[in-house]
Amino acid sequence: MRTSHYFAPTLRQVSGEVELASHRLLLQAGYIRQVAAGVYSLLPLGVRVTRKVENIIREEMDAAGALECFLPALHPLELWEKTGRAEYWGPELMRLKDRSGRPFCLGGTHEEVITSLVAGEVRSYRELPLNLYQIQTKFRDDPRPRGGLIRVREFIMKDAYSFDRDVAGLDRSYDIMVEAYHKILQRMGLPYHVVEASGGGIGGWDTKEFELPSETGESRYLRCEKCEYAATPEVAEVKPPAPAERAEALPIERVETPEKRTIEQVTEFLGVSPRRLVKTLVYQVGEKVVAALVRGDRDLSEDKLRAVLEARVLEMAGPETIARVTGAPVGFAGPVGLKGVEIIADEELRNEANFVTGGNEADLHLRNVNWGRDFEVSRWADLRCAAEGDPCPGCGASLRELRGVELAHVFKLGTFYSEALGAYFLDEDGTRKPIVMGCYGIGSTRMVAAIAEHYHDENGLIWPPSVAPFDVIVIPVNHDDEVHRSLAERIYEELKAAGLEVLLEDRVERPGVKFKDADLIGIPGQVVVGRLAKEGKVEVRRRGGESRVAPAEEVGSVLRELLAS
RNA sequence: CGGGGCGUAGCGCAGCUUGGUAGCGCGCCUGCCUUGGGCGCAGGAGGUCGUGGGUUCAAAUCCCGCCGCCCCGACCA
């Protein structure tokens with residue numbers, strides 16, 4: 001390929017509004033252009049990198065025994081209504097109607113479509129296990145797209161779905177996919193952490209996220225440097241503290257706290273630390289109402305609460321419910337005197353005494369509240385989000401909080417979708433059972449951004465050879481010098497013939513422009529044909545690394561050596 | 001959805017506080033010059049100032065609405 005006939009419009013300057021390095025460099029080097037918030041065009045260089053990423057994913061999926069399909073992006077909304085996800089996703093699901101008014105949506109994921117496909121075809125246990133995948137455009141009307149390709153409303157991802165006859169089969173399929181993901185990420189040349197995560201509201205357990213550790217990432221997780229345990233704060237297990245003597249209970253006191261509703265307002269008003277407060281969070285679980293108690297400086301983990309209650313869906317109680325069960329407006333709920341409400345408390349509160357809580361009356365809080373004396377706890381459980389410094393549940397060392405870019409996510413889904421969409425099979429014993437599913441996603445466009453985020457310097461991108469848009473760029477320094485031009489041409493042809501993907505920089509530009517653009521674009525191999533050309537020698541460089549002078553005939557072998565390093 | 005910022009030539013920005021003449025850098029076109037890190041000189045083209053309304057003799061500038069984009073937060077199967 002020749003740059004004179006290519007389309008890689010590089011920019012001298014990018015708006016100061018663009019902050020993320022990957023966003024800035026992909027724009028500047030001519031890989032992407034924005035169309036709307038969270039909507040991008042991929043230019044030829046962007047397509048080449050994306051295809052490299054996808055081919056690595058494809059090879060590993062195929063090697064793991066998954067079969068490639070191509071499902072539609074356009075889904076009848078009816079399918080999403082069958083699983084309840086049309087409602088669950090709400091406005092995040094992009095909706096539209098066809099000409100006759102039939103409701104459709106643009107798929108944000110493909111459990112519904114794939115499950116209904118399998119439901120129509122698979123009859124017997126003999127046809128299982130099955131693992132189907134696709135590389136498809138997804139649409140999610142994210143409330144806040146950001147960071148270039150990191151978080152967008154339209155993106156490409158590989159999603160695989162496994163179908164098994166039982167949970168043991170699912171466990172095997174899942175392990176195979178996890179193994180494949182390790183291989184994929186290693187081939188991308190990216191560091192990553194495997195993080196235990198939450199399956200979210202609908203279905204799903206044993207879920208793992210593969211995170212690229214990055215200061216600029218938007219996911220947060222806790223990781224133990226000793227034993228490599230890593231989990232999101234919502235799911236990281238917090239061991240109950242060792243039992244300790246509680247402070248002596250003081251007489252309960254009522255304090256007027258006019259208009260002081262938030263933890264911040266109350267602590268400031270009363271001059272106490274948030275640790276002394278206990279938050280009372282009221283949840284609606286079906287018909288039941290429960291109150292969850294955590295220390296004032298902690299966050300409740302809805303995942304943990306959901307697990308304790310064995311509830312699939314959990315909803316924060318609305319103002320009416322709160323008024324009904326506490327007798328007070330939002331902001332003054334407390335455990336003392338709650339009626340008909342189960343009280344579940346975080347283990348951490350067991351050793352604590354004399355807390356400040358809401359008073360269940362408008363503008364009232366209570367001091368010196370004690371469990372056992374002033375109210376009863378029906379269940380103690382690990383309810384709070386873990387935090388930096390908490391002990392690792394594996395080895396007891398201290399957990400550190402990291403930020404990362406979520407590259408991939410695997411779930412065990414179970415039978416939620418197969419039951420909702422009628423994907424049943426006849427087992428060996430003649431009984432009809434729902435197929436047990438797993439799902440495995442990895443974003444290809446996000447991967448491109450993540451690699452750019454990780455591999456760049458002040459001059460531009462530096463692609464790992466496995467995903468680079470070209471292997472090498474050949475740069476004749478002086479366009480008017482016949483020796484430079486003809487030697488560059490020759491090397492270009494020879495490298496192509498040797499099976500490399502080569503870009504020839506044949507534009508009529510000054511040397512500085514060509515060097516700057518080559519660095520910006522970040523092709524790992526650079527061959528500079530300049531003043532040594534008359535002796536038949538050229539410079540062979542690794543972008544961002546070593547540079548060697550070599551005779552023209554040895555360019556191929558020197559390049560291979562440099563690219564392997 | 002809450003908070004903050006921005007929208008002026010193809011790109012990046014100034015001008016707005018204090019209303020009256022729309023400016024700079026890069027890019028682009030022409031000519032000369034130059035050729036190992038975004039050359040130099042000379043000449044030139046190019047703008048409904050996001051959009052709708054209001055105030056005013058007069059609006060890029062002041063006021064109101066809307067739209068779009070960026071950042072923080074909420075959110076993120």
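Atom set for the values below is all heavy atoms of this structure, side chains included, hydrogens, waters and symmetry mates excluded. Quick note on labels: first sequence line is chain A, next is B, and so on, each numbered from 1.
Ring geometry for A/Tyr31 versus A/Trp463: interplanar angle of 30 to 60°, hence tilted. In this pair, A/Trp89 and A/Trp80 present their aromatic rings perpendicular. The plane angle is above 60°, beyond the 30 to 60° band. Using the six-membered ring where Trp is involved, A/His182 and A/Tyr192 have ring planes that are tilted, between 30° and 60° apart.
B/C49 and B/G7 are spaced 10 Å apart, taking the C1' atom of each and rounding to whole Å. The gap from the C1' atom of B/A9 to that of B/G15 amounts to 15 Å, rounded to the nearest Å. For B/G47 and B/G23, the P atoms lie 13 Å apart once the distance is rounded to whole Å.
Between A/Phe416 and A/Phe411, the distance separating the two ring centers is not shorter than 6.0 angstrom.
Across all strands shown, A/Thr109 has no heavy atoms under 4.0 Å from either base or sugar-phosphate atoms. Nucleic acid contact for A/Arg507: none, since no nucleic acid atom lies under 4.0 Å from a heavy atom of the residue.
Using modelled atom types, no side-chain atom of A/Glu546 and backbone atom of A/Arg542 make a donor-acceptor pair closer than 3.5 Å.
Remark: C1' of B/G12 and CZ of A/Arg24 are 10 Å apart, rounded to the nearest angstrom.
Checking A/Cys439 against A/Ser15, the closest nucleotide of RNA chain B that is more toward the 5' end is the one next to A/Ser15.
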Which atom pairs link the protein and nucleotides 39-42 of chain B when you take only N or O atoms and keep those under 3.5 Å?
unit_1	atom_1	unit_2	atom_2	d
B/C39	O4'	A/Arg510	NE	3.2

Under a 4.0 Å heavy-atom criterion, the protein footprint on nucleotides 68-76 of chain B, written with B, S and -, is -BSBBBBBB

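Between A/Phe210 and the options A/Ile184, A/Leu190, A/Val178, A/Val405, a side chain to side chain contact (heavy atoms under 4.5 Å, CB included) holds for only A/Val178.
Remark: the A/Gln13 side chain and the B/G25 base include a donor-acceptor N/O pair separated by less than 3.5 Å.
With no hydrogens or angles considered, no side-chain donor-acceptor pair links A/Glu209 and A/Ser219 at under 3.5 Å.
If you check residues 476-490 of chain A against RNA chain B, the residues with a heavy atom closer than 4.0 Å are A/Val477, A/Asn478, A/Asp480, listed by number.
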